[in-house]
Number of protein chains: 2
Amino acid sequence: MRPTRQRTAVVEAMTSFDDFRSAQDIHDLLGRGTTPVGLATVYRTLNALVEAGEVDMLRTEDGEAIYRRCSETHHHHLVCRECGATIEVEGPAVERWTRTIAAEHGYSDVAHTLEIFGTCAACRRA
Amino acid sequence: MRPTRQRTAVVEAMTSFDDFRSAQDIHDLLGRGTTPVGLATVYRTLNALVEAGEVDMLRTEDGEAIYRRCSETHHHHLVCRECGATIEVEGPAVERWTRTIAAEHGYSDVAHTLEIFGTCAACRRA
DNA sequence: CCCATTTTGACAACGATTCTCAGCAAAGCG
DNA sequence: CGCTTTGCTGAGAATCGTTGTCAAAATGGG
Ligand SMILES: [Zn+2]
Ligand SMILES: [Zn+2]
Ligand SMILES: [Zn+2]
Ligand SMILES: [Zn+2]
C-alpha cells in the first residue's frame, strides 16, 4: 500500500478528533483543509484502516457507519448519547463468555459487537 | 392503531419463523401467501412492532436491519451470519459489568447492545 | 526518464429505507 | 344501513449511504 498524499491526510484527520464520525463528516473536514480527498477515496481508506485494525467502525441506530481512531487492542466503547464522548473499555470476562457461548452451540468464526450507551456527567448537568 | 388485515398478516408472519429476517424477506414471504402486503407497509408495521417491544431488530455487519419475534425478557443473540439461525442468550455477569463500567465513569441512563455473530454448524458444512 | 502498476475521483449505479399522495377501509354516528 | 371522518395502504418516486467504473494521474523501480 503506497503512502499517498490522500491516505496521509485521512490518517491525520482521524487523529484530530476523539469521537465517532461518519465518512461524510471526515470528507467534509478534509474539504475545509489543505488537502481535499474524494469521497470514494475516504471510504476506501477508512475501510482499509478498519481492516488493518487502526480504526474502529460501528453503526448508529439508523445503520450509518461511524469511525474513530482507537487503540489497537480489542476493546469496546462507552459512548455518551448526547455529545458522543467515548471511553474505551475492556472486559476479559465478556470476551471469554462470548467464545464459550458460541462454542457451546457449535458456531465458528465468531465475532461480537458490544457498545454501552449512556449520558455522561457533563451532559447530565447541562 | 387499527387492527388491519395487513398488520395481522405481518404479525402472523413473524411467528412463522425463528431466525432474523430482513423486511424484504418478510415481504416476499407474505407475497407468496394469501395476504400480500406492500413493502412500505411491512416496514411501517415492523417499526411499530419494534417500538412496542414485540419484535427485536438488529443490524447485520453490513448495516441491514433484520427482525425477529423474541421472548420478552432482556436477552442477547447468537446469530448465524449465513442463514440467520438465532439462539437467545443471557449473561447476568455481562449485565452487571456494563452497569458497573458506566457507573465508574459517571454515565447515567445506561443501555447496551451486544450481539454475537458466527457461522452455525449447518452452514459451515454447506 | 520510462514503463508497469497502483491510486484517484467525478460520476454512475446500487440497495435499503422512507416519502408521497390518491385511493381505500375501518370506526362512529344517526 | 348510508354517510362522514379519519387512519391505512401501496405503487412508485425520492433519499441517502455506500460501492463500482474507468480514464487520468501519481508512484516507484529500473
Ligand atoms: Zn474503539
Ligand atoms: Zn470484545
Ligand atoms: Zn447458519
Ligand atoms: Zn444485556
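Predicted model, so just to flag it, every value in this text is computed and none were measured. Lettering follows sequence order; numbering is per chain, from 1. Values below: all heavy atoms of this structure, side chains included; hydrogens, waters and symmetry mates excluded.
Between A/His76 and A/His112, the ring-plane angle classifies as tilted under the 30° and 60° cut-offs.
D/dG10 atom P lies 15 Å from atom CD of B/Gln24, rounded to whole Å. When rounded to the nearest whole Å, the span between CD1 of B/Ile66 and P of C/dG15 equals 19 Å. The nearest whole Å value for the distance from the CG atom in B/Leu46 to the C1' atom in D/dG10 is 15 Å. Between the CG atom of B/Asp28 and the C1' atom of C/dA16 there is a distance of 13 Å, given to the nearest Å. The CZ atom of A/Arg21 sits 16 Å away from the P atom of D/dT18 (whole-angstrom rounding). What separates NE2 of A/His27 from C1' of D/dC16 is a distance of 15 Å, to the nearest Å. Between the CD atom of B/Glu61 and the C1' atom of D/dT18 there is a distance of 17 Å, rounded to whole Å. Between A/Glu51 atom CD and D/dT19 atom P the separation is 12 Å, expressed in whole Å.
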**Message:** Assess the residue pair A/His77 and A/Val89 against the criterion (side chain to side chain contact (heavy atoms under 4.5 Å, CB included)); give the C-alpha distance rounded to whole Å, side-chain angles, the decisive distance to 0.1 Å, and a yes or no.
**Reply:** CA-CA 6 Å; A/His77 305 104; A/Val89 297; over 6 Å; no
**Message:** Working note: B/Tyr107 + A/Ile116, criterion side chain to side chain contact (heavy atoms under 4.5 Å, CB included); need CA distance, chi angles, decisive distance, verdict.
**Reply:** CA-CA 10 Å; B/Tyr107 281 56; A/Ile116 311 174; over 6 Å; no
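The side chain of A/Glu64 has D/dG17 as its nearest neighbour among C/dA16, D/dG17, C/dA26. Comparing D/dT18, D/dT9, C/dT8 by their closest approach to the side chain of A/Thr4 singles out C/dT8. Residue B/Met1 places its side chain closer to D/dC8 than to any other of D/dT18, D/dC8, C/dT17.
Within the structure, every side-chain polar atom (N or O) of B/Tyr43 is placed at least 4.0 Å from both OP1 and OP2 of C/dT18. Phosphate proximity of C/dT7 to A/Gln6: absent, as no side-chain N or O sits under 4.0 Å from OP1 or OP2. Put simply, A/Asn47 has a side-chain N or O that comes within less than 4.0 Å of OP1 or OP2 on D/dT19.
Residue B/Leu39 is the one, among B/Leu39 and B/Arg5, whose nearest nucleotide of DNA chain C lies closer to the 5' end (criterion: closest heavy atom). Where A/Pro3 and B/Arg7 meet DNA chain D, the nucleotide closest to each residue was compared, and B/Arg7 sits on the side nearer the 5' end.
How far CZ of B/Arg81 is from CZ of B/Phe117: 8.0 Å, rounded to the nearest 0.5 Å. A distance of 10.0 Å separates CG in B/Leu78 from CD in A/Glu104, rounded to the nearest 0.5 Å.
For C/dG9, its base sits under 3.5 Å from the side chain of A/Arg44 at one donor and acceptor pair at least. Contact of A/Arg2 with D/dT27 (side chain to base): a donor-acceptor pair of N or O atoms is detected under 3.5 Å.
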